[in-house]
> 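Pasting a structure here, questions to come.
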Amino acid sequence: MQDVVDKYGVLLVFANVLALSLGLPVPAMPTLVLVGAGLALQPEATWLPLLGVLAVSVAASLIGDSVWFYAGRRYGNRTLQSLCRLSLSRDTCMKHTERFYGRFGIRVLSVAKFFPGLSMVSVPMAGAMQARLPSFLRYDALGAALWAALGLGLGVMFSRQVETVIDTLSQLGTGAGVLVGVALAAYVGWRWWRRRTLLAALEAARIEPSELEALRMAGQPPVLFDIRAPGFRDVDPYVIPGAVFADERELGGILATYPRDGKVVIYCACPDEVSAAWMAAKLRKAGFRDVLPLRGGIDAWRGAGYGVERIGG
């Protein structure tokens, strides 16, 4: 372990942290722990090498995050949705980030790296919200420094235990790596299968934009819920005409306000309308008879040539 840290430690940290910031599934935190442990085990360990590795990690984070920051500033919603499609928890990925960002603003970047889903989307959301570059760099650097310091600090504190684990894995040979790889592949496969099963079950329960427009033109508009979070509506300040803002966390208010025998349509801005499908399922369970997500959400509505209204306009 000592030889690897001495020769490649800084390079490994830079490459892993940069790749993680760009959205690749690499073990950046374990790398920091390993390098921190290796530096602590040096015969004449000092704080200076640790500070150097910390600086390299922060620099790599800022480089990768700046790419997504400018992508969010230029492409907005398309960048956010593309990132959430890469997440194993994309039904909550965007929704949770919207809420955190709506509550704390750019300051959320100071803790975002400790929460994988939040970290992946909060940076481009800051760009989409037109955050000032100095503020972005300040809070993103703070978050990157705290996150890297945790990894290096854990390595220093548990350096002997880390060395023991590495020695044990070395004795096991390639079998240990194969076992870890199989376990990781099994977990990812299970998450993917569960999501595909959910989407397949919900696929038929959709209403097309053309069907919704036909109901509106016939004078039979359904109750239309926009369940996008407030932060996301700031990025895209338009709604389908007649839409009412709703929050699935306030289901009681919805049940008390709207009749359960009427038609309800729900739309969001999440990949595959998963958030809308989940809320539709909740409403059906509460007794609503006819609840459907809008296929493609507001983007499909606009793509079909139908009009939208500016919020507050």
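Keep in mind it's a predicted model, so treat the numbers as computed, not measured. Heavy-atom basis, side chains included; hydrogens, waters and symmetry copies ignored.
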> Atom CD in Glu211, atom CZ in Arg295: separation rounded to 0.5 Å?
9.0 Å
> Can you confirm whether Ile240 sits close enough to Tyr306 that some side-chain heavy atom of one is under 4.5 Å from a side-chain heavy atom of the other?
no
> Counting C-beta onward and ignoring hydrogens, is there a side-chain heavy-atom pair between Leu39 and Val156 closer than 4.5 Å?
no
> Could you give the distance from CD (Glu250) to CG (Leu255), rounded to the nearest 0.5 Å?
12.0 Å
> In Å, rounded to the nearest 0.5 Å, how long is the span from CE of Met279 to CG of Leu283?
5.0 Å
> Answer yes or no: is there a donor N or O on one side and an acceptor on the other, between the side chain of Arg284 and the main chain of Val291, under 3.5 Å?
yes
> Can you tell me which residue among Val10, Asn16, Val17 is in a side-chain contact (heavy atoms from CB on, under 4.5 Å) with Val13?
Val17
> Do Ile311 and Val239 touch side chain to side chain, with heavy atoms closer than 4.5 Å?
yes
> Taking only residues at least two apart or on different chains, which pairs with a member in residues 118-143 satisfy ring-ring contact (aromatic ring centres under 6.0 Å, His included)?
Phe69-Phe136
> Side chain to side chain contact (heavy atoms under 4.5 Å, CB included), that's the test. Do Leu20 and Ser61 meet it? Break it down for me.
CA-CA 8 Å; Leu20 182 66; Ser61 287; over 6 Å; no
> Would you say Arg228's side chain and Asp236's backbone share a donor-acceptor pair under 3.5 angstrom?
yes
> Could you tell me if the side chain of Arg260 sits less than 4.5 Å from the side chain of Arg289, heavy atoms only?
no
> Quick one: do Val58 and Leu11 end up in the same hydrophobic cluster if we chain Ile, Leu, Val, Met, Phe, Trp and Tyr together by side-chain heavy atoms under 4.5 Å apart?
no
> What closest approach, in Å, do Gly36 and Leu50 show between heavy atoms, and which atom pair accounts for it?
CA-CD2, 4.2 Å
> Hey, is Asp290 close enough to Lys263 for a salt bridge, meaning N to O under 4.0 Å?
yes
> Which atoms form the tightest heavy-atom contact between Ser110 and Leu142, and what is the distance?
CB-CD2, 3.8 Å
> Which residues pass the salt bridge (Lys or Arg N to Asp or Glu O under 4.0 Å) test with Asp140, sequence neighbours left out?
none
> Rounded to the nearest 0.5 Å, how far does CZ of Phe14 lie from OG1 of Thr31?
14.0 Å
> Please find the pair of heavy atoms, one from Leu54 and one from Ala149, that lie closest to each other, and give the distance.
CD1-N, 3.7 Å
> For atom OH of Tyr70, decide whether the heavy atoms of other residues, nucleotides or ligands shown that lie under 6.0 angstrom number more than 12.
no
> At what distance, to the nearest 0.5 angstrom, does OG of Ser210 lie from CH2 of Trp301?
9.5 Å
> Do Leu150 and Phe114 make a side-chain contact, defined as non-hydrogen atoms from C-beta onward lying under 4.5 Å apart?
yes
> Which heavy atom of Ser122 sits nearest a heavy atom of Leu109, and at what distance?
OG-CD2, 3.6 Å
> Report whether Trp47 and Val56 are members of the same hydrophobic cluster (ILVMFWY, side-chain heavy atoms less than 4.5 Å apart, transitive linking).
yes
> Provide the closest heavy-atom pair for Ala131 versus Ile106 in the form atom of the first, atom of the second, distance.
CB-CD1, 3.8 Å
> Under the salt bridge (Lys or Arg N to Asp or Glu O under 4.0 Å) test, which residues partner Arg160, sequence neighbours left out?
Glu163
> Can you tell me if Ser57 uses its side chain to pair, donor with acceptor, with the backbone of Val53 under 3.5 Å?
no
> Going from CG on Leu292 to CD1 on Ile207, what distance comes out if it is rounded to the nearest 0.5 angstrom?
6.0 Å
> Pick out which of Phe288, Tyr258, Phe245 makes a ring-ring contact (aromatic ring centres under 6.0 Å, His included) with Phe225.
Tyr258
> Would you check if Ser21 and Lys113 make a side-chain contact, meaning some heavy-atom pair closer than 4.5 Å?
yes
> Could you state whether Met217 and Val308 fall into the same hydrophobic cluster, counting links through intermediate Ile, Leu, Val, Met, Phe, Trp or Tyr residues with side-chain heavy atoms under 4.5 angstrom apart?
no
> Using every non-hydrogen atom in the two residues, find where Ala246 and Ile254 come nearest and quote the distance to one decimal.
CB-CD1, 4.1 Å
> Counting C-beta onward and ignoring hydrogens, is there a side-chain heavy-atom pair between Pro241 and Arg216 closer than 4.5 Å?
yes
> Hey, are the side chains of Leu18 and Ile63 touching, using non-hydrogen atoms and a 4.5 Å cut-off?
yes
